[in-house]
Amino acid sequence: MATTRIMPLHIGKGRSMGTAISDILDYVENPEKTDNGRLITGYGCDLRIADAEFLFSKRQYAAITGRARGADNVIAYIAYHGRHK
């Protein structure tokens, strides 16, 4: 049975948003877990600069809406897909 879970991504103590995003992308792009990158795809972004595009989008959103990140330190949510046999 396949399951999907929405997980919050946090900045964490002592990291900037840019560092947090880079660390998260490094983790999810692990060659051992992604068949050397073959299982990584993107939609509407350039995978080589996804971290910069993410930060740019966050800044644009804040500028347009005037909304700031909440005190919970969540910077994004990720859908985690798992399959159990």
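Just so you know, these numbers use all the heavy atoms, side chains as well, and skip hydrogens, waters and symmetry mates.
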Hydrophobic cluster identity match, [X] and [Y], side-chain contacts under 4.5 Å:
X: Met17; Y: Ile78; result: yes
X: Ile21; Y: Tyr61; result: no
X: Leu55; Y: Ile49; result: no
X: Phe54; Y: Ile40; result: no
X: Tyr27; Y: Met7; result: yes

Among pairs that include at least one residue of residues 22-34, which meet salt bridge (Lys or Arg N to Asp or Glu O under 4.0 Å), considering only residues two or more places apart or in two chains?
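Listed by first then second residue: Arg15-Asp23.
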
Would you give the length of the straight line joining atom CG of Leu9 to atom CD1 of Ile24, rounded to the nearest 0.5 angstrom?
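Leu9 CG to Ile24 CD1: 4.5 Å, rounded to 0.5 Å.
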
Name the one of Thr41, Thr34, Asn36, Asp35 that satisfies side chain to side chain donor-acceptor pair (under 3.5 Å) with Arg38?
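Running side chain to side chain donor-acceptor pair (under 3.5 Å) over Thr41, Thr34, Asn36, Asp35 with Arg38 returns exactly one hit, Asp35.
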
Lys58 side-chain N/O to Ile75 backbone N/O, donor-acceptor pair under 3.5 Å:
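Yes; judged by distance alone, with no hydrogens or angles, the pair exists.
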
If only side-chain N and O atoms count, and only distance matters, is there a donor-acceptor pair under 3.5 Å linking Ser16 with Thr19?
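On atom types as modelled, these side chains qualify, holding a pair under 3.5 Å.
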
I need the minimum non-hydrogen distance between Ser22 and Asp51, along with the two atoms involved.
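Nearest pair, atom of Ser22 first, then Asp51: OG-OD2, 3.1 Å.
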
Provide the closest heavy-atom pair for Gly44 versus Glu53 in the form atom of the first, atom of the second, distance.
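So the minimum-distance heavy-atom pair works out to O-OE1, 4.0 Å.
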
Does a side-chain heavy-atom distance below 4.5 Å link Arg59 with Ser57?
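Side chain of Arg59 against side chain of Ser57, heavy atoms only: no contact under 4.5 Å found.
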
